[in-house]
Amino acid sequence: MDTRTVLRVSGFVGFIILAVTTYFITTYFVLPRVMPIVIHEVESSLESEGVTVTPSMLSSIESTMSFAIIVGSTVGLFVGWLIMSAVMMGLLRVFRVGARFLDTWLISGNYFYIGVIFSAITALTPLLNYEVNAIAAHKSVLLMPPLLGLNIASAIIGSLLLAYLFSRVYNAGFVKTFVPILISLLIFIVISVVI
């Protein structure tokens, strides 16, 4: 196998690993902290409108919302990856790197190994409290400075990795690949937080 094929396969595997990690973190770390807050808000809102709330109704609402959050986070990750790849391919072409979409899409998946590390850092440290507070307060995670700093660090480190990989595959200069990749990863972070 040539280098391009190996990087394509490892990029797809990187996405799968991040999707599984996202599922695990969402299911076992985020939802147990967020759902009681959300259910309390829903219960208060329904009772203030005169609706009788039963435990089975709350259980149904909680399971539906949990399912929607888990599926939405995975689908959002995939859609964000497609958008990031399209933007990255366009920016690489502006910098005269002849990247094709399939290569850009699959090779850029190698960034997700960095994403797994930073997701673990978020889930296993007090940074998770910032994320839970942002979700509970209906604020963007981008407004939380520690998480914003972590996301920017992730984009810079991921850009360094991907710039190295793309410069090797396309025989292009490192700086020529670094700038468009950094821009597209920052766009990906914004998209993944908004979706």
Could you check if a side-chain atom of Arg8 sits within less than 4.5 angstrom of a side-chain atom of Leu102, using non-hydrogen atoms only? yes

| message | Check whether Tyr170 forms a cation-pi arrangement with Arg4 (NZ or CZ under 6.0 Å from the six-membered ring centre, at most 45° off the ring normal). | response | yes

(request) Answer whether the closest heavy-atom distance between the side chains of Pro180 and Val94 falls below 4.5 Å. (result) no

Problem set entry | Any Asp103 side-chain heavy atom under 4.5 Å of Met89 side chain | no

Sub-3.5 Å donor-acceptor pair from the side chain of Ser108 to the main-chain atoms of Trp105, do we have one? yes

message: Checking side-chain polar atoms at under 3.5 Å, does Thr5 have a donor or acceptor matched by the opposite partner on Asp2?
response: yes

On a heavy-atom basis, the closest approach of Asn151 and Ile189 is O-CD1, 3.0 Å

**Prompt:** Where the side chain of Ser167 meets the backbone of Tyr164, is there a donor-acceptor pair that is under 3.5 Å apart?
**Reply:** yes

ring-ring contact (aromatic ring centres under 6.0 Å, His included) with Trp81: of Tyr111, Phe188, Phe112, only one passes, and it is Phe112

Using side-chain heavy atoms (C-beta onward) and a distance below 4.5 Å, is Val38 in contact with Ile61?
no

message: Less than 4.5 Å apart, side chain to side chain, heavy atoms only: is that true for Leu92 and Phe166?
response: yes

Main-chain N/O of Glu62 paired to Ser66 side chain as donor or acceptor, under 3.5 Å: yes

Give a yes or no on whether Phe118 atom CZ has more than 12 heavy-atom contacts from other residues, nucleotides or ligands under 6.0 Å away. yes

| field | Neighbour count >12 (heavy atoms, 6.0 Å) for atom CZ, Arg168 | value | no

Neighbour count above 12 (heavy atom, 6.0 Å) for Phe12 CZ:
no

Under a 4.5 Å cut-off applied to non-hydrogen side-chain atoms, are Leu162 and Thr177 in contact?
no

_Counting neighbours of OH on Tyr113 that are heavy atoms of other residues, nucleotides or ligands and sit closer than 6.0 Å, is the number greater than 12?_
yes

**Asked** Could you go step by step and tell me if Ile156 and Ser159 meet the side chain to side chain contact (heavy atoms under 4.5 Å, CB included) rule?
**Response** CA-CA 5 Å; Ile156 292 170; Ser159 296; 5.7 Å; no

